[in-house]
2 protein chains.
Amino acid sequence: MGRPRMFDEVKVLDAAAGEFRVRGFAGTSTEQVCEAAGVRRSSLYNTFVSKDELYVRALERYVEVTGARQAAILTDQGVRGAERLRRLVDVVVAEEHDAAARGHAAGCMVVHGFMDPGLRERDERVARLLDRDLRERRALVGEAIRAGQLDGSISPGVDPDDGALLVSTVISGLRITAQAGTDPETLRRIALAGLHALLG
Amino acid sequence: MGRPRMFDEVKVLDAAAGEFRVRGFAGTSTEQVCEAAGVRRSSLYNTFVSKDELYVRALERYVEVTGARQAAILTDQGVRGAERLRRLVDVVVAEEHDAAARGHAAGCMVVHGFMDPGLRERDERVARLLDRDLRERRALVGEAIRAGQLDGSISPGVDPDDGALLVSTVISGLRITAQAGTDPETLRRIALAGLHALLG
DNA sequence: GGCTTTCTGTGATTGAGAATCCAAAATGAG
DNA sequence: CTCATTTTGGATTCTCAATCACAGAAAGCC
């Protein structure tokens with residue numbers, strides 16, 4: 001029934017996300033994506049219509065994968081609330097560390113997406129994806145904070161919604177600070193200091 | 001002695017910075033800069049050689065202006081250390097607020113610069129400018145923290161260098177969170193929560 | 001094995017934007 | 001007023017990313 005794909009569609013999306021997260025949409029050429037994915041441009045366009053469509057698909061995938069990973073950490077019932085937040089930070093720091101070892105910064109599609117108003121205006125779906133991701137992320141962190149307040153690891157004085165916003169702000173800031181060549185231990189120390197209001 | 005300039009070179013740089021800070025280098029066309037500055041393209045190129053050169057000049061100017069404003073706040077001897085940091089946050093929040101009123105997010109050339117590794121690789125001067133700015137900014141915040149520890153407004157337990165890194169991380173994160181449509185009061189509350197380790 | 005279908009790869013075409021060029025206009029000096 | 005000099009507006013060229021079209025190749029079906 002026709003010649004089968006020589007490449008794995010999802011692998012290409014991951015490769016594309018790997019490029020977009022570093023340089024953003026405007027800063028990444030389709031040639032770079034092809035290079036990273038080991039696919040010819042015509043195959044890329046044949047499968048994914050356009051650069052915009054590819055970006056949307058890659059963003060969907062990126063949000064889904066990172067969201068799932070973070071959800072697993074934040075809802076881990078075997079761990080106290082405060083520790084879940086620490087593990088979240090550790091994951092982000094480790095990501096940056098791994099990327100730095102490969103020479104480039106990790107970047108983040110969500111950060112780039114938010115920093116590019118033109119992109120959100122041009123494609124409604126991008127705006128929706130980013131907003132939904134942000135909401136879900138905050139909801140998950142908020143739940144972890146509530147859990148922490150119940151198990152006594154997080155001070156009951158803080159509003160979980162504010163706390164969630166703080167966590168997402170600190171992590172975004174971390175992405176920027178990481179690019180300036182800050183070492184992982186320092187990065188982790190700073191992040192935990194930023195969450196001092198929550199973690200004491 | 002020839003026809004004089006019809007435009008103010010510095011005003012054009014400010015207008016260019018105003019565009020670059022929102023969409024970054026790759027996301028901004030010279031046409032947009034011309035539009036914003038009210039200058040024709042030939043005038044732009046006649047005066048600033050190329051887009052790259054224009055960007056470097058705009059970044060220099062941007063870094064100089066924002067640096068001076070922040071320095072004034074952070075070294076204000078009439079104000080206690082902790083209060084200086086709060087004022088710094090207020091300035092950033094106000095910037096985002098003003099921009100939001102005009103429909104677009106404030107953005108930040110420094111954040112965009114750090115999030116664009118390709119740019120730093122291509123032009124050594126951009127990398128140097130960003131690094132220098134970051135160092136100076138941290139040094140200033142560090143000084144304010146030391147001052148705060150002397151006047152008793154900031155807990156003596158924190159390392160000023162770490163504190164400075166935290167402040168710059170939180171402010172960067174703030175820039176991102178602001179784009180998601182967070183209102184100014186919330187933004188301010190979150191930022192102060194992030195600096196809880198410093199400000200108590 | 002021939003046929004159909006769908007993929008792949010090469011190369012052409014389009015299009016956006018950066019860079020350049022040129023003639024006209026403006027201005028101050030003499 | 002006239003000249004020398006520089007700016008300006010518009011047209012043009014150039015470059016490279018993005019897209020498209022077609023020929024060849026690979027797999028399943030009969």
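Throughout, protein chains are lettered first and strands after them, A, B, ... in sequence-line order, and every chain is numbered starting at 1.
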How bent is the helix from C/dG1-D/dC30 to C/dG30-D/dC1, comparing axes over its five end pairs at each side, to the nearest 10°?
0°

Scan A/Phe7 against the nucleic acid and name what it touches under 4.0 Å (heavy atoms): base, sugar-phosphate only, or nothing.
sugar-phosphate

Separation of C/dA23 C1' from B/Asn46 CG (nearest whole Å)
15 Å

Using a 6.0 Å cut-off, check whether atom NE2 of A/His104 has over 12 heavy atoms from anything other than its own residue.
yes

What integer distance in Å separates A/Arg40:CZ from D/dA25:C1'?
15 Å

Send over the distance from B/Glu19 CD to C/dG17 P, rounded to a whole Å.
14 Å

For B/Tyr45, is the NZ or CZ atom of B/Lys51 found under 6.0 angstrom from the centre of its six-membered ring and inside 45 degrees of the ring axis?
no

Please name all residues satisfying side-chain contact (heavy atoms from CB on, under 4.5 Å) with B/Val93, sequence neighbours left out, ordered by chain then number.
B/Val89, B/Leu174, B/Pro184, B/Leu187, B/Arg188

Base-contact (B) and sugar-phosphate-only (S) positions in nucleotides 16-21 of chain D, heavy-atom cut-off under 4.0 Å, - elsewhere
--SB-B

Distance check needed: C/dG17 C1' versus B/Arg23 CZ, whole Å only.
16 Å

Do A/Ser43 side-chain atoms and A/Val39 backbone N/O form a donor-acceptor pair below 3.5 Å?
no

Atom-to-atom span, OH of B/Tyr55 to P of C/dA19 - whole angstrom
15 Å

Please determine whether residues A/Tyr62 and A/Val33 belong to a single hydrophobic cluster, defined as Ile, Leu, Val, Met, Phe, Trp and Tyr linked transitively by side-chain heavy-atom distances below 4.5 Å.
yes

Sidechain-backbone polar pair: A/Arg21 side chain, A/Ala106 backbone, donor-acceptor under 3.5 Å:
yes

Determine whether a donor-acceptor pair (N or O, by modelled atom type, separation under 3.5 Å) exists between the side chain of B/Arg84 and the backbone of B/Leu74.
yes

Only residue of B/Val170, B/Ile154, B/Leu88 satisfying side chain to side chain contact (heavy atoms under 4.5 Å, CB included) with B/Leu195 is B/Val170

